[in-house]
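Scroll down for the structure; my scribbles are underneath it.
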Protein chains: 2
Amino acid sequence: MDAKTLCLGVLALGDASGYEIKKQFEDGPFGQFHQVGFGSIYPALTALAAEGQVTFVEEAQEGRPDKKVYSITPAGLAALKRALRKPPAADRVRSEYLFILFFAEMLEPERRREVYESYLDTYRSRLAEMEEAADCHGEVQPGHRFVFHLGKAFYTTMVDFMENNRHLLFPEDTGRTDDRAAPLRRVAGGE
Amino acid sequence: MDAKTLCLGVLALGDASGYEIKKQFEDGPFGQFHQVGFGSIYPALTALAAEGQVTFVEEAQEGRPDKKVYSITPAGLAALKRALRKPPAADRVRSEYLFILFFAEMLEPERRREVYESYLDTYRSRLAEMEEAADCHGEVQPGHRFVFHLGKAFYTTMVDFMENNRHLLFPEDTGRTDDRAAPLRRVAGGE
DNA sequence: TCGATATATATCAAATCAATATATATCCCC
DNA sequence: GGGGATATATATTGATTTGATATATATCGA
């Protein structure tokens with residue numbers, strides 16, 4: 001999905017500024033399955049406006065810079081639907097934490113621990129944010145709910161796995177020297 | 001991690017050609033946490049060679065094009081170690097499948113099903129490949145084992161979640177209309 | 001012969017990323 | 001007072017990556 005389609009996706013849910021679109025990819029539901037930067041968003045919005053797929057209204061604000069609020073047009077919605085009918089590319093994951101931990105034997109024990117615990121914290125935070133967001137759920141589309149629960153299952157698995165498998169990288173700390181991963185036990189999702 | 005570091009990482013495990021480095025990011029362990037294309041690999045190797053961080057030997061082959069086999073130098077290994085000490089960027093996930101499923105209500109039921117089942121198949125395949133690879137394990141570094149088991153836990157969660165939560169997107173097919181996600185039950189990892 | 005596959009190296013235009021710039025505000029610390 | 005941090009805003013640019021393409025050596029099948 002290119003930046004134009006990603007912007008159309010956010011705007012299909014409601015009008016937004018370029019900055020708010022970026023926020024949707026940081027804290028909103030879209031951040032679970034895509035990232036996109038300002039360097040892509042603004043040129044994409046400019047192109048979409050030129051193509052008649054979005055319109056915008058400039059708004060002045062008190063104590064804040066002016067903003068442009070974009071709206072999707074029927075042509076934009078049609079373009080989004082066309083994009084949803086294309087064959088999707090395979091999922092891609094990029095994790096510098098895992099790259100570093102892959103080379104654990106090259107790291108000082110302190111650095112190994114630092115990276116591991118910091119990594120675990122990132123997923124604990126994400127899970128906590130999700131659990132907060134769950135309390136605000138009103139009327140939600142099935143697709144949104146599916147992605148939410150899947151994301152939560154993923155984060156839960158990450159936290160659970162790392163909490164229970166320190167022995168794989170820190171046998172000296174855990175007193176365990178076996179190299180078998182612990183079974184997953186946590187319950188995930190809505191229940 | 002830039003392309004140069006990624007190449008150094010592969011070469012730290014043993015000599016390889018540019019093509020073999022790419023293969024490590026497709027079928028090998030690195031593909032679980034990074035992707036990189038030829039457009040980045042070859043320029044990176046050229047730069048690394050110019051910087052003295054790798055050396056290469058040109059080899060002629062029977063029935064195949066000639067190849068360049070690259071080796072990491074001590075300077076390259078030092079550069080890799082420096083990279084491993086930098087603060088890692090946050091994990092990033094890109095999933096066109098999830099983008100499409102997020103907009104499930106915009107899809108025809110047939111398309112929704114097609115995407116869902118195709119998505120489930122991608123993770124089933126990955127899990128199957130992993131289970132095959134597990135049979136070939138010899139002496140493995142702890143970091144490699146950790147990443148392997150974490151990856152397996154992730155793929156297992158994805159398969160399990162999707163097998164048990166069709167009702168979230170297909171209430172008409174499953175006879176279930178509740179919107180709660182099923183608990184995770186599968187056992188992951190080395191057991 | 002073409003298309004597909006596999007093994008190889010290499011390149012290029014398009015897209016994205018990361019950083020930067022500018023603007024309007026607030027807060028805190030030195 | 002200035003700097004740094006934060007937040008809300010738009011915009012741009014150089015560096016890097018991506019996806020496609022090209023070339024080469026082979027095999028296989030329609």
Side-chain angles (χ1 to χ4, degrees), chain A residues 1-8 10 15-28 30-31 34-50 54 56-70 83 86-94 96 99, chain B residues 1-8 10 15-28 30-31 34-50 54 56-70 83 86-94 96 99:
Chain A
M1 303 300 172
D2 61 10
K4 291 199 293 188
T5 304
L6 298 178
C7 290
L8 290 176
V10 173
D15 299 349
S17 66
Y19 184 83
E20 284 161 349
I21 291 173
K22 178 66 156 67
K23 279 295 195 184
Q24 286 287 331
F25 284 99
E26 285 168 4
D27 310 319
F30 291 87
H34 261 292
Q35 287 79 41
V36 62
F38 286 128
S40 303
I41 290 175
Y42 288 112
L45 288 172
T46 302
L48 287 170
V54 302
F56 67 88
V57 176
E58 303 204 36
E59 293 185 6
Q61 297 187 97
E62 293 281 348
R64 287 179 175 169
D66 297 357
K67 71 178 175 182
K68 292 184 180 173
V69 178
Y70 291 85
K86 290 183 185 167
D91 285 8
R92 316 184 66 153
V93 173
R94 197 166 83 185
E96 296 192 358
F99 184 84
Chain B
M1 301 298 169
D2 61 10
K4 290 200 290 186
T5 305
L6 297 178
C7 290
L8 289 177
V10 174
D15 299 350
S17 66
Y19 184 85
E20 284 161 349
I21 291 173
K22 178 67 156 67
K23 278 296 194 180
Q24 286 288 330
F25 284 101
E26 285 170 3
D27 309 318
F30 289 88
H34 260 291
Q35 287 79 41
V36 63
F38 287 126
S40 302
I41 290 175
Y42 289 110
L45 289 172
T46 302
L48 287 169
V54 301
F56 66 88
V57 176
E58 303 205 33
E59 294 184 3
Q61 298 187 98
E62 292 281 349
R64 286 182 175 166
D66 297 357
K67 71 180 176 181
K68 291 182 182 175
V69 179
Y70 292 84
K86 290 182 185 167
D91 285 8
R92 315 182 67 151
V93 173
R94 197 164 85 184
E96 296 192 356
F99 185 83

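In what follows, chains are A, B, ... by sequence order, proteins preceding strands, each numbered from 1.
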Nearest atoms (heavy-atom pairs only) where [X] meets [Y]:
{"X": "A:Ile21", "Y": "A:Cys7", "result": "CG2-SG, 4.2 Å"}
{"X": "B:Ser17", "Y": "B:Lys67", "result": "CB-CD, 4.4 Å"}
{"X": "A:Val54", "Y": "A:Leu45", "result": "CG2-O, 4.0 Å"}
{"X": "A:Phe99", "Y": "B:Thr5", "result": "CZ-O, 3.7 Å"}

Nucleotide-resolved protein contact map, nucleotides 8-18 of chain D, B/S/- at heavy-atom distance under 4.0 Å: BBBBBB---SB

Pairing residues for B:Lys4 by the side-chain hydrogen bond (donor to acceptor under 3.5 Å, both in side chains) criterion, not counting sequence neighbours: B:Glu51

Those residues that, when tested against A:Glu26, pass side-chain hydrogen bond (donor to acceptor under 3.5 Å, both in side chains) (two or more places apart): A:Lys22

Value in whole Å for how far the P atom of C:dA18 lies from CD of A:Glu26: 12 Å

Length of the line joining A:His34:NE2 and C:dA15:P, which is rounded to integer Å: 16 Å

side-chain contact (heavy atoms from CB on, under 4.5 Å) partners for B:Asp15, two or more places apart: B:Val69, B:Ser71

Set of side-chain contact (heavy atoms from CB on, under 4.5 Å) partners for B:Tyr42, sequence neighbours left out: B:Tyr19, B:Phe38

Under the 3.5 Å Watson-Crick or G-U criterion, the dot-bracket string of DNA chain C, with | for inter-strand pairs: ||||||||||||||||||||||||||||||

